[in-house]
Amino acid sequence: MKGRKRHIVSDTMGNLLSVFVHDASRHDTKTGIIPTLRACAKYPSIRRLCGDAGYRKSYEEDAFWPTGAAC
């Protein structure tokens with residue numbers, strides 16, 4: 001499969017917090033977590049995440065601690 005996928009984390013004002021670009025053969029739920037974790041590490045004040053339906057299962061498991069807190 002040819003192409004690129006881009007995962008972007010922004011705040012509610014649209015400011016860019018993190019970006020990750022990869023080849024299209026990799027699945028979103030495995031690679032989408034990378035910019036999320038980077039943004040959470042750089043901006044520890046992040047408390048909530050919002051994403052589309054493409055981010056499910058393993059992404060949700062990786063993004064949330066057992067307490068239910070994001071990052």
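Keep in mind it's a predicted model, so treat the numbers as computed, not measured.
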Spacing of S10 atom OG and L16 atom CG [to the nearest 0.5 Å]
7.5 Å
What's the separation between atom CG in L17 and atom CD1 in I8, rounded to the nearest 0.5 Å?
11.0 Å
Approximate separation, where rounding is to 0.5 Å, of C40 SG and I33 CD1:
7.5 Å
Hey, which of K5, H27, R6, H7 is the one that makes side chain to side chain donor-acceptor pair (under 3.5 Å) with H22?
H7
Would V19 and V9 satisfy side-chain contact (heavy atoms from CB on, under 4.5 Å), going step by step from the backbone distance to the final call?
CA-CA 6 Å; V19 175; V9 178; over 6 Å; no
Assigning hydrophobic clusters by single linkage (Ile, Leu, Val, Met, Phe, Trp, Tyr; side-chain heavy-atom cutoff under 4.5 Å), is Y43 placed with L49?
yes
